[in-house]
Amino acid sequence: MQKVFIGLLVLILVGCNTESDLNQKESVSKESLSMSSQIDEKVAQLLSEMTLEEKVGQMTQITLDVVTKGDNQYSSAQPYQLDSSLVHKAIHTYKVGSILNTPGIPLSRQEWYNTIKSFQDQTAKTPRQIPIIYGIDAIHGVNYTTEATLFPQQIGLAATFNTDLVKEVAKISAYETRASSIPWNFSPVLGLGRNPLWPRLWETFGEDVYLGKTMGVAMIEGYQGELGDPETVASCMKHYLGYSVPLSGKDRTPAWIPERELRQYFLPAFQDAVDAGSVTLMINSGEINGVPVHASKFLLTDVLRNELGFEGIAVTDWADINYLHTKHKVAETIKDAIKISVNAGIDMSMVPHDFEFTELLIELVKEGSVSEERINSAVTRILKVKFQLDLFNNPVTDPKDYPDFGSEKFAKVSKQAAIESITLLKNKNDILPLSKDSKILVTGPTSNSMRPLNGGWSYNWQGSEADKYAKDMNTVAEAFVKNGNATFVQGVSFDQEKNIDEAVSAATQSDIILLCLGENSYTETPGNTHSILMPSDQIELTKALAKTGKKIILVLLEGRPIIFNEIEPLVDAVFMGYLPGNYGADALVDLVYGIENPSGKLPINYPKHPHAFVNYNHKHSDNIRVDNYYESDYDQQYEFGDGLSYTSFKYSDLRLSSSEMSQEGFIEVTVRVTNTGNRKGKETVLLFLSDLYASITPEVRALKGYKKIELDKEESKTVTFRIAKEELSFVNEKLETVAETGDFEINIGGLTKKFRFK
């Protein structure tokens, strides 16, 4: 009787707790709706009081150089100073609603505070007292603020396959961005990095749809938290849509993407980001199928607003409205370009160097070429985000309120992100890890500079000043000299200087060669290239070092895969470092010496041959081979998901909850993973799904789930996934998202199970 009573009591308590939780969630939901309703009322009231000039001013975003002292609006004099007369002109005459960018150099937190406070002090003197919203590209930490914490770039974060870690990185980035008094971050990039030539591949989460959208949501949640909290920022998903796959591989050149593929591969990340609450979006600078995205009402209104349900700000990229006239040639004049883009659905123009947009848009409204209703909808969205960020009450955040800025605890997170991102791709005869007494030669063009560790968007646009502003951080050479028995000889440099003979001589006196190859920092159009073959001087250095007979550990620091199949057989181990940030070299030391265990996985295919770029989720017909006749098969240097550990993992007991799945049902997938090695390690469990036959040629396989786990030696864990209709779906010829009946196959760790969808 007592047991029954206790059981009933437990049930009652559980029921009470459940009811309490539900009531609490309902209360929070009602509170959120109430706040949203209050904001809508405030926006409507404010909008009703505004003049046309004030409204168009809100749609105008200028770059900081326009209001600084200097020779012209394209650059700022150094030392940097605001020009009070130009600030007054921007805010009082043209009623500008947004400012972005840096004056060509990173600023201290106090300088950012003084700058943005100057703007907000001026807006407080205007009739409506509408604060400006300041935006910045804080894409791997607040990279335009001195002494900030810089993290691995997005491609490296993707390699962690750890959404909790990515969310924490974004949360810290938001904190330090607000510590710099900036409330709007132009991040994350949600395009798929599917063309290795493209110079912004490293700004993506890699080539996979599922990985990209889940990482994107984690980053947005980390940035935004509860908007209005002074430790959060507005995120900006970009670049909508299809920007990352130009046909030529060159930045901002035409893309050719069938609408079916746009919907299947490129829209999902944006749909999930909208659902996650991202409040702003930046538009693709390029064109798709001959139509510039800034001119596409179909993409900007029909799809973005009406299908995806996006209610936030759609901002252009740099000068992209003007480019409809000057580059794309779809508008005969700048005025025509403004009419086309505003009517298509843009809300804010990143002008960025003058006030022509403001003047001409006012003319267009007065002429009736652009309706005031269209203006009102754009300004409503802009004002709403400003209210959501609480800028009317707290227009500028004070650095003094952010004591953890640049702290040691943030540095530890950055280093951990680098540790989990750096990917071990080859470890011949288990050469790694090394003992601390191994005598190491560190050499190569990426070995003694902070630029290849950080990449672009680091202290300045191209990352070219990283060695100056990160001088207190360790390069790879410095990290190994400080923490091991290492010497450094450059070998070759990006300045075309060579001392290969000296490197070879030093190698003969060493046990191991740590060879650092790859790329210098770059981004956007300056990073365009005709070839991603390893440069000849880096190949020459490798071959010369190999002749010494010493073991070579190759470290690749690069924003895109650089083809090195000519020298791959000459090296004994390969680390893909990506662009691991200011603590990347320290992380590499811990990995090489076995203080930490590698756990990164490739978020892209690493091509083996020039002109043979095939994504991992390719079609069956991509693999063409006839023995003794011709050969053009699917042949990669390394494949998506590859990544080694210093321990070993065994997969077993793959089970499905059913061999059949109904339209409204789901299948639970479980697999047992055991650490069969002799040390603790982290393993990313990847679930791939294959549709065996379909009306649209199916992919060989596609990622539909991943979980990162940590196991002690001899420890086992059961990992569970849930597969529903969504994971089986694709876009058909009629542009419908469908799941067709038939057989499917699950693959996890080389184990396979089939089920039938009815």
Side-chain angles (χ1 to χ4, degrees), residues 28-29 32 138-141 151-175 177 184-193 203-227 229 231-244 263-282 303-304 307-314 385 388 413 417 420-421 601 603 684-687 702-708 721-724 726-727 729 737:
V28 170
S29 178
S32 298
I139 68 169
H140 67 127
F151 297 92
Q153 297 282 5
Q154 267 192 214
I155 192 69
L157 293 179
T160 69
F161 281 81
N162 187 337
T163 51
D164 291 338
L165 182 57
V166 169
K167 185 174 180 178
E168 182 65 18
V169 165
K171 187 176 179 180
I172 294 169
S173 297
Y175 178 96
T177 302
W184 188 10
N185 184 6
F186 302 137
S187 176
V189 170
L190 297 181
L192 296 180
E203 294 184 55
T204 76
F205 286 121
E207 68 178 56
D208 181 70
V209 177
Y210 185 85
L211 178 61
K213 70 181 185 179
T214 51
M215 285 284 172
V217 167
M219 186 164 271
I220 288 163
E221 289 176 347
Y223 284 149
Q224 292 197 170
E226 293 295 327
L227 276 184
D229 183 323
E231 294 184 4
T232 66
V233 295
S235 67
C236 185
M237 46 184 169
K238 64 186 189 184
H239 304 81
Y240 179 87
L241 185 68
Y243 175 47
S244 60
R263 291 180 175 277
Q264 179 155 338
Y265 296 108
F266 297 93
L267 270 182
F270 287 93
Q271 179 67 78
D272 282 18
V274 170
D275 294 343
S278 184
V279 292
T280 77
L281 170 145
M282 188 179 293
V303 176
L304 179 62
E307 292 187 30
L308 271 60
F310 178 60
E311 297 179 352
I313 301 169
V385 171
Q388 288 173 318
V413 176
E420 293 200 29
S421 70
K601 301 280 189 185
T684 298
V685 183
L686 304 173
L687 184 153
L703 183 71
K704 297 297 180 181
Y706 63 89
K707 291 185 180 179
K708 193 164 194 175
F721 298 95
R722 179 172 164 149
I723 299 296
E726 179 185 356
E727 282 72 48
S729 300
T737 300

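When a residue number appears, it is its place in the shown sequence, counting from 1.
Annotation: salt bridge (charged side-chain N to carboxylate O under 4.0 Å, His left out) contacts of Glu727 (sequence neighbours excluded): none. Every residue two or more places apart in sequence or in another chain was checked for a salt bridge (charged side-chain N to carboxylate O under 4.0 Å, His left out) with Lys704, and none qualifies. Under the side chain to side chain contact (heavy atoms under 4.5 Å, CB included) criterion, Gln264 pairs with Arg260, Glu699, Phe730, Val731, sequence neighbours left out. With sequence neighbours excluded, the residues that form a side chain to side chain contact (heavy atoms under 4.5 Å, CB included) with Gln388 are Ile39, Leu227, Val279, Lys384, Val385. Here Lys708 pairs with Glu420 under the salt bridge (charged side-chain N to carboxylate O under 4.0 Å, His left out) rule; sequence neighbours left out.
For the side-chain contact (heavy atoms from CB on, under 4.5 Å) criterion with Leu267, the lone passing option out of Val303, Thr737, Asp272 is Val303. Partner of Tyr223 under the side chain to side chain donor-acceptor pair (under 3.5 Å) criterion, out of Ser187, Ser278, Ser235: Ser187 alone.
The number of heavy atoms from other shown groups lying within 6.0 Å of CD (Glu307) is above 12.
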Run the side-chain contact (heavy atoms from CB on, under 4.5 Å) test on Gln271 and Asp275 for me, step by step, so that the C-alpha distance in whole Å, both residues' side-chain angles and the decisive distance to 0.1 Å come before the verdict.
CA-CA 6 Å; Gln271 179 67 78; Asp275 294 343; 3.1 Å; yes
side-chain contact (heavy atoms from CB on, under 4.5 Å) between Val166 and Thr160, worked out:
CA-CA 8 Å; Val166 169; Thr160 69; 4.1 Å; yes
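Using modelled atom types, one side-chain atom of Gln224 and one backbone atom of Gly277 make a donor-acceptor pair closer than 3.5 Å. Checked by atom type and distance alone, the side chain of His140 pairs as donor or acceptor with a backbone atom of Phe151 at under 3.5 Å. Checking side-chain atoms of Ser244 against main-chain N and O of Leu192 turns up a donor-acceptor pair under 3.5 Å. When atom types are taken as modelled, the side chain of Lys238 and the backbone of Phe186 share a donor-acceptor pair closer than 3.5 angstrom.
In this structure, Phe205 CZ and Gln154 CD are separated by 3.5 Å, a value rounded to the nearest 0.5 Å. We find the CD-OG1 distance between Gln153 and Thr204 to be 11.0 Å, quoted to the nearest 0.5 Å. In this structure, the separation between CG on Leu687 and CG on Leu703 is 7.5 Å, given to the nearest 0.5 Å. To the nearest 0.5 Å, atoms CD1 (Ile139) and CG (Asn185) are separated by 9.0 Å.
When every heavy atom of Ala273 is checked against every heavy atom of Ile220, the shortest pair comes out as CB-CD1, 3.4 Å.
In this structure, Lys707 satisfies the cation-pi test against Phe721, with its NZ or CZ atom closer than 6.0 Å to the six-membered ring centre and inside 45 degrees of the ring normal.
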Using distance only, find each side-chain donor-acceptor pair of residues 207-216 under 3.5 Å and give its atom names and separation, not counting sequence neighbours.
from   : atom 1 : to     : atom 2 : distance (Å)
Glu207 : OE1    : Asn605 : N      : 2.8
Glu207 : OE1    : Asn615 : ND2    : 3.4
Glu207 : OE2    : Tyr616 : N      : 2.7
Asp208 : OD1    : Tyr616 : OH     : 2.5
Asp208 : OD2    : Tyr210 : N      : 3.0
Asp208 : OD2    : Leu211 : N      : 2.8
Thr214 : OG1    : Tyr210 : O      : 2.8
Thr214 : OG1    : Leu211 : O      : 3.1
Thr214 : OG1    : Tyr706 : OH     : 2.7

